[in-house]
Structures are given as C-alpha cells and as structure tokens.
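All remarks here apply to the structure that follows.
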Amino acid sequence: MEMIAGYKSPWMTEELEILESSVRKFYEKEFAPHSERWNKQGHVDRDAWNKAGEAGILCASISEEYGGGGGSFAHEMVIAQEQGRAGVAGFGNSVHSGIVAHYIEAYGTEEQKKKWLPKMATGEMVAAIAMTEPGTGSDLQGVRTTAKKVGNQYVINGQKTFITNGQQATLICVVAKTDPAAGAKGTSLIMVETDEVEGFRRGRNLDKIGQHAQDTSELFFDDVKVPTSNLLGTEEGKGFIQLMQQLPQERLIIAVQACVAMEKAVEVTAAYTKERKAFGKSILDFQNTQFRLAECKTEAAIARVFTDDCAMKLLEGKLDPTTAAMAKWWTTQKQCEIVDTCLQFFGGYGYMMEYPIAQMYTDARIQKIYGGTNEIMKMLIARTL
Ligand SMILES: Cc1cc2nc3c(=O)[nH]c(=O)nc-3n(C[C@H](O)[C@H](O)[C@H](O)COP(=O)(O)OP(=O)(O)OC[C@H]3O[C@@H](n4cnc5c(N)ncnc54)[C@H](O)[C@@H]3O)c2cc1C
C-alpha cells in the first residue's frame, strides 16, 4: 500500500531499486524462513553473515578497494528497510555495516582498513561497537573501561553490556579511557580482535522482550592486550569526537527502520481488518478503525517525508545532529504508538507471536532507547532553542 499516492523517496534511484528487489528476495528466501528458529535460539546462524556477504549486503556503502560495495549511505538505507520488511529484526547488520565499518573507513589507517574491512564485507568477521557499561549508557563520559599503554600494547580492563552482536562479534570497537583524568578528551576507540587475545570473555546473551534473534550481550575485558596499532586512527583521545561525527547517520538508520515498521503495521492491519468480521461487518467498516488507521497512515507518511529529507541532507553531507535527533525521536515514538494502535485491531491475535504485528510490537520498544534515548534526543534539540 502506498502511504502517499505516487510518492517515491527522492534519494531512490533505478540502481537502488534493483538493489531493493534483490535484497528483498534474499531476505525472503534466505532469512525469513529461519526467523522463528533464530528467535528461539537467541541468535542468527553464524553462516547468515557469510551468506549476506556473498549477496553483497554487508558493507554496501564501503569503498570497493576495501572489499565493500562502493555504494553510498542510501545503499545502507535500502538494505535496512528490506530487513525490516522481511521481519528479521535480529540480524545486527546496521551495527556491523552501518556503524563499525564506517568508523574504520572514516578514521582507520590504511593498514587498519585493509586488515578489517574486506573480512567484514565477506562476513568472515562480525563487528560490534562496545560503548555502554553497566554503570553508564546515556552519559558516555562516565565510561570506566580503561586502555593503559604499556610498551607497544594497550591493556584493556572493563565491562560492557547490551552489546549488539555480542556473541558472534570477532572485531569489537571498544570505547575506553586512554587518559581517565581527561574526561571526554581521554576517550579513545580501540579495536579488539577477539580471536587474537586472552582475557576477553563473553557474558550472558541477554534475555530481551523483543529482537530475540539478536545476541545482545555482556562483554568482559580482563587485562586484554592489543597492539597500539589497534587504536582507531593515529591519535589518542579522539574517541568522543569520532563517535559524535557518525551519530547523524546512525540515527537516520533508526528513523528509516521506524518508517518501514509504521508502513508495514498499517498495511498488515488494513489487510487483517478487512477480513476479520464482528457484528456482521468487517472490523475496517467500523468508523473507529477507519479513523485510527487514517491517522496512522497520515503519520507514517509524514515520518517518511521528513526522514527522506534527512536522507537527502545526509547524502549531501549536510545532515546536522539536531535534525537527525528530531528524526530519531519522533519516528521511533510514532512507530511505537502506531504499532500499539494497530495491534489493538487484531484483538487477542495481536498478542500472539505467530502474528507479525506481535513481533513488531516487541521489536519496536527498543527503538526509543538505543542510538541515544529519545530523552537525550530532546535534550540535544532543546540546546538549539
Ligand atoms: C537491544 C539493545 C541493543 C543495544 N546495542 C548497543 C550496542 O551495540 N552498543 C552499545 O554500546 N550500546 C548498546 N545498547 C545500549 C543503549 O545504547 C543504552 O541502553 C542507551 O544508550 C541508554 O543507556 P542506559 O541503558 O544506561 O540508560 P540510562 O542512561 O541509565 O538512562 C535511563 C533513563 O534516564 C534517562 N536519562 C538519562 N540521562 C538523562 C538526562 N540528562 N535527561 C533526561 N533523561 C535522562 C534516559 O533517557 C532513560 O530514560 C543497546 C541496548 C539495547 C537494549
């Protein structure tokens, strides 16, 4: 169903439409049939990464010289959208390709890019970003993990939690203090290749209310030694700036995912309420259903147009952090509201996991929390008042 008659995202090109159709087929054929099993086992199969690599889904927006697809961030958005449409929320590609690969491409030395990006593009390596700790999430300056320079090594000590891809990642970008006395200016990003070190331990694959196929986990670092050449970039203390620079595009990906979820919720609910009968009518014949779904469709359309505007700005290198924060909080807020409204029209079936709307409901809730909570987004916007 079109949310706006004849509307096409202004960043969509013919080439991207071809990608869209092939990624849609890939997710439908290769991932969707395993979705339920992956949800039960708490992670995607490891070889899902290799299959995605072969299909060109990993690192699509990374330069070809580093094994990537040579596309723009629009490629990443198309891929994220199709994953949402297929309902395979647990596959942590947005973190792998949309975040970590971009950190490496943007800040890494030539040697680092050549070492890690090609393996990420094939799925030989799975990547994670480890910022959050049990004691600090929103207030990242409070990170307590340390990376102490000893000779030509960093010795990392600390604990991380809620880390996407935590069980499968073999390349982890760790946010650590190289100078604990210097606050934000003492924060650095250090890459840990988990197969190469001792003292690294994975904790629990956390039991979440949604995104069950995602192996969000605890990680422990006890005297983990990595070469100083694993510092991302060449200068210590740049971690905070590096994190901040990437935030607009990370938040845009979340907004894009929210748009797809809203559109899908309206579609599946319109279809269901047309079929389901009560009091001799379709549920959609009740004016309450019509009005609520009309509101949902309108909001989904507004979300899409605003997100598309952000996407155009991003592709032109002009998406500012405040506008990205607006997109992130508003679209995810609306996603949760719309999915909740839609679920209601399924009655008891909406509470059953075999109905996609139920999974969309449990998957949606995290969107208001990760990528910077929606309260933090409003704080950023309020600073510009
Ligand atoms: C499924 C999942 C995946 C995740 N993936 C990753 C990942 O890959 N890597 C990673 O590093 N982290 C990840 N996270 C962590 C996520 O980014 C954090 O949970 C989030 O940033 C919030 O931090 P917190 O949980 O410590 O909450 P807190 O910071 O403790 O916040 C608690 C509440 O207080 C509010 N609050 C905090 N400060 C303020 C303020 N100044 N003004 C008003 N309200 C405030 C918050 O908005 C929130 O509502 C993930 C989390 C989940 C659940």
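Since the model is a prediction, treat every value here as computed from it, not as a measurement. We count ligands from 1, going down the list as the structure has it; atoms in each ligand are counted the same way.
Both Met125 and Ile129 are part of a single hydrophobic cluster, where members link through side-chain heavy atoms under 4.5 Å apart.
The two atoms that bring Ser72 and Leu315 nearest to each other are OG-CD2, 3.9 Å, heavy atoms only.
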Close N/O pairs between ligand 1 and protein, under 3.5 Å:
from: ligand 1; atom 1: 5 (N); to: Phe162; atom 2: O; distance (Å): 2.9
from: ligand 1; atom 1: 5 (N); to: Thr164; atom 2: OG1; distance (Å): 2.8
from: ligand 1; atom 1: 8 (O); to: Thr164; atom 2: N; distance (Å): 3.0
from: ligand 1; atom 1: 8 (O); to: Thr164; atom 2: OG1; distance (Å): 3.2
from: ligand 1; atom 1: 9 (N); to: Ile129; atom 2: O; distance (Å): 2.9
from: ligand 1; atom 1: 11 (O); to: Met131; atom 2: N; distance (Å): 2.8
from: ligand 1; atom 1: 11 (O); to: Thr132; atom 2: N; distance (Å): 2.9
from: ligand 1; atom 1: 11 (O); to: Thr132; atom 2: OG1; distance (Å): 3.1
from: ligand 1; atom 1: 12 (N); to: Thr132; atom 2: OG1; distance (Å): 2.7
from: ligand 1; atom 1: 14 (N); to: Phe162; atom 2: O; distance (Å): 3.3
from: ligand 1; atom 1: 23 (O); to: Ser138; atom 2: N; distance (Å): 3.4
from: ligand 1; atom 1: 26 (O); to: Gly137; atom 2: N; distance (Å): 3.3
from: ligand 1; atom 1: 29 (O); to: Ser138; atom 2: N; distance (Å): 3.0
from: ligand 1; atom 1: 29 (O); to: Ser138; atom 2: OG; distance (Å): 2.6
from: ligand 1; atom 1: 47 (O); to: Thr373; atom 2: OG1; distance (Å): 2.6
from: ligand 1; atom 1: 47 (O); to: Glu375; atom 2: OE1; distance (Å): 2.6
from: ligand 1; atom 1: 49 (O); to: Glu375; atom 2: OE1; distance (Å): 3.3

Step by step, would you call Arg24 with Glu28 a salt bridge (Lys or Arg N to Asp or Glu O under 4.0 Å)?
CA-CA 6 Å; Arg24 184 170 300 177; Glu28 277 169 7; 5.1 Å; no
When you look at Ile357 and Tyr349, which way does the side chain to side chain contact (heavy atoms under 4.5 Å, CB included) test go after all the steps?
CA-CA 9 Å; Ile357 195 70; Tyr349 298 97; over 6 Å; no
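When ring centroids are compared, His96 and Trp49 come within the 6.0 Å threshold.
Pairs of residues two or more places apart, or lying in two chains, that qualify as salt bridge (Lys or Arg N to Asp or Glu O under 4.0 Å) and include a residue from residues 160-170 are Glu133-Lys160.
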